[in-house]
Amino acid sequence: MKLTILGGGGFRVPLVYRALLGDHAEGRVSRVTLYDTDADRLTAVARVLAEQGRGVADAPAVVATTELDEALRGADFVFSAIRVGGLAGRAADERVALDEGVLGQETVGAGGIAYGLRTVPVALDLARSIARLAPDAWTINFTNPAGLVTEAMSRYLGDRVIGICDSPVGLGRRIARVLGVDPDRARIDYAGLNHLGWVRGLYVDGRDELPRLLADPELLTSFEEGRLFGAELLRSLGAIPNEYLHYYYFNREAVRAYQEAELTRGAFLQDQQQGFYARMREPGTPAWETWDRTRAEREATYMAENREVAGAGEREADDLESGGYEQVALALMRAVARDERASLILNVRNRGALSALDADAVVEVPCLVDANGARPMAVSPLPYHALGLVAAVKAVERAVLEAVESGSRAAAVQAFALHPLVDSVTVARRLLDRYTEVHPGLARLDRP
């Protein structure tokens, strides 16, 4: 099989390749095509992959190209992990929002909206190209904001585009580990949108083990989300939220912490990755060792400000191990290509799974996956506190899509103003003006 990775010069690509190296079954991926508009980054990542595959007899062949048509032709799977505007764009998104006193995180709040307005037009172009050049391919989207981008691409690819995220699987594994349960035997009741979901149950042999966790404060605060949110809140919710909900439940504290931080997360990653890619231009640099050291630092500092606000301490060693989105992607490809039935938490069109949203709304829920793709499983209705957030954020996503498709400035302002973490139409207008200054491409939003 041929796998094409859009954004093939991205820092996390070696995680995907490492997962492929561990797959020796018949029908495995035999060729990986890396596509990126940045030839320098492509060369760097290709070096890392070459060192990874050294000594592995059946390592997938790697081809790098800056020609999109060449990358897509003949692809069986397309993995989309692009970053429009690079990390400089992310850093600007974060700083503009924080200057207005609102959250500027990459996928949440004003920063996520700005990133979506930049990314959706490119994602739509890619979807049209995939539909034209590789109509039978399955597209796996990890480009953020993952739910919004997946919904945009589904306009052209239908159910052949599936969004993935490592947050739900990581959360489920941590809960299972704390409960002394084998994660592979557990069925997780999870529902919401990307970066906005809740674990409402964890079933083993038909028995829900989550109440046992919620009833034990000591156990409840023994893992990352327990320390991040606190036992009292989790017990009142009767669920374990995705880590990104910390931005909603502790918004003022998070904004203050990010305003006081020396660097925003995007600026930190920009500096870190500039250093990595600069070192990779030196011929004698050990590629894999340099990449892995940089990755470990990246993972250790993930959501550091939020953990500081909550007094959650440093991340545990188990949380720094790989096995996240790349393993979800591999499991998804296996299930589709080999018709191996699997249950995975994915971003797919709703089709009635969440009764409050329309059929085409992309949601993040457990799915049954086989050769026919991913089908969402029905989940119990969300409680009102969760439903309100989900409906509000979906309305924001739809406003972003309308703004991109129509060029309407009013729709873009509406997207900012409707978000629960932006509480002013005046601020929404100022945000769009500032984002247009730092991202000139947004000037296309000039229709009333």
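These figures come from a predicted structure and were not determined experimentally.
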query: When you look at Y190 and N242, which way does the side chain to side chain donor-acceptor pair (under 3.5 Å) test go after all the steps?
result: CA-CA 10 Å; Y190 181 96; N242 183 295; 3.1 Å; yes

message: Assess whether a salt bridge exists between E260 and R256, defined as any Lys/Arg side-chain N lying under 4.0 Å from an Asp/Glu carboxylate O.
response: no

- prompt: Do E340 and R334 meet the salt-bridge criterion of a basic N to acidic O distance under 4.0 Å?
  reply: no

message: Using modelled atom types and a 3.5 Å cut-off, is there a donor and acceptor pairing between side-chain atoms of D36 and backbone atoms of G9?
response: yes

- request: Check V120 against A152 and note the closest heavy-atom contact, atom names and distance.
  value: CG1-CB, 3.9 Å

- prompt: Under the side-chain contact (heavy atoms from CB on, under 4.5 Å) criterion, do F79 and V13 qualify, and how do the steps go?
  reply: CA-CA 10 Å; F79 190 95; V13 168; over 6 Å; no

message: Between E100 and R430, does any NZ, NE, NH1 or NH2 come within less than 4.0 Å of an OD or OE carboxylate oxygen?
response: yes

- request: Could you check R83, R265, H195 and say which one makes a side chain to side chain donor-acceptor pair (under 3.5 Å) with E106?
  value: R83

task: Determine, step by step, whether V29 and F77 satisfy the side-chain contact (heavy atoms from CB on, under 4.5 Å) criterion, reporting the C-alpha distance in whole Å, the side-chain angles of both residues, the deciding distance to 0.1 Å, and the verdict.
output: CA-CA 9 Å; V29 171; F77 288 92; 5.6 Å; no

query: Going by an N to O cut-off under 4.0 Å, is there a salt bridge joining R295 and D292?
result: yes

- prompt: Taking S154 for the side chain and L157 for the main chain, is one N or O donor matched with an acceptor at less than 3.5 Å?
  reply: no

message: Check this for me, if you would: do E326 and R18 make a salt bridge, where the nitrogen-to-carboxylate-oxygen distance has to be below 4.0 angstrom?
response: no

message: Any side-chain to backbone donor/acceptor pair from R444 onto G441? Under 3.5 Å, distance only.
response: yes

Output field: ring centroids Y244/Y249 closer than 6.0 Å: no

- prompt: Between D23, D76, D370, which is the residue that forms a salt bridge (charged side-chain N to carboxylate O under 4.0 Å, His left out) with R338?
  reply: D23

- prompt: Would you call the rings of F142 and Y325 parallel, tilted or perpendicular, where under 30° means parallel and over 60° means perpendicular?
  reply: parallel

- prompt: If you take all heavy atoms of G89 and R118, which pair is closest and at what distance?
  reply: C-NH2, 3.8 Å

- prompt: Is a side-chain donor or acceptor of T143 paired with a backbone partner of I82 at a separation under 3.5 angstrom?
  reply: yes

task: Could you check R90 against Y115 for side-chain contact (heavy atoms from CB on, under 4.5 Å), going step by step and ending with a plain yes or no?
output: CA-CA 7 Å; R90 174 177 176 175; Y115 190 27; over 6 Å; no

- prompt: Between the side chain of E94 and the main-chain N/O of Q105, is any donor-acceptor distance below 3.5 Å?
  reply: no

field: A374 to V369 - nearest heavy-atom pair and separation
entry: CB-CG2, 4.0 Å

task: Could you walk me through whether L442 and E437 pass side-chain contact (heavy atoms from CB on, under 4.5 Å), step by step?
output: CA-CA 8 Å; L442 295 186; E437 290 175 11; over 6 Å; no

Distance-only donor-acceptor hits, side chain of residues 62-70, under 3.5 Å, sequence neighbours excluded:
| residue | atom | partner | partner atom | Å |
| --- | --- | --- | --- | --- |
| T65 | OG1 | E67 | N | 3.0 |
| T65 | OG1 | E70 | OE1 | 3.2 |

Pairs touching residues 123-140 that satisfy side-chain hydrogen bond (donor to acceptor under 3.5 Å, both in side chains), sequence neighbours left out: D125-R128, R128-Y156

- prompt: Is a side-chain N or O of Y435 found less than 3.5 angstrom from the main chain of L117, in a donor-acceptor match?
  reply: no

Using distance only, find each side-chain donor-acceptor pair of residues 342-349 under 3.5 Å and give its atom names and separation, not counting sequence neighbours.
| residue | atom | partner | partner atom | Å |
| --- | --- | --- | --- | --- |
| N347 | ND2 | E364 | OE2 | 2.8 |
| R349 | NE | D159 | OD1 | 3.0 |
| R349 | NH2 | D159 | OD1 | 3.3 |

task: Output yes when R173 and D166 qualify as a salt bridge under the 4.0 Å nitrogen-oxygen rule, no when they do not.
output: no

- request: May I ask you to check whether E297 and Q272 show a side-chain donor-acceptor distance below 3.5 Å?
  value: yes

- request: For the pair T119 (side chain) and G116 (backbone), establish whether a donor and an acceptor sit closer than 3.5 Å, ignoring hydrogens and angles.
  value: no

query: Looking only at atom types and distance, does a side-chain atom of W291 sit under 3.5 Å from a main-chain N or O of F11, one as donor and one as acceptor?
result: yes

- prompt: Between I175 and V199, what is the shortest heavy-atom contact and its length?
  reply: CD1-CG1, 3.9 Å

field: Exam field: side chain R293 to backbone W288, donor-acceptor pair closer than 3.5 Å
entry: no

task: Walk me through it: do T107 and N144 pass the test side chain to side chain donor-acceptor pair (under 3.5 Å)?
output: CA-CA 7 Å; T107 61; N144 277 325; 5.5 Å; no

- request: Decide, yes or no, whether a salt bridge links K394 with E397 under the criterion of side-chain N to carboxylate O below 4.0 Å.
  value: yes

More than 12 heavy atoms from other groups under 6.0 Å of CZ on R279: yes

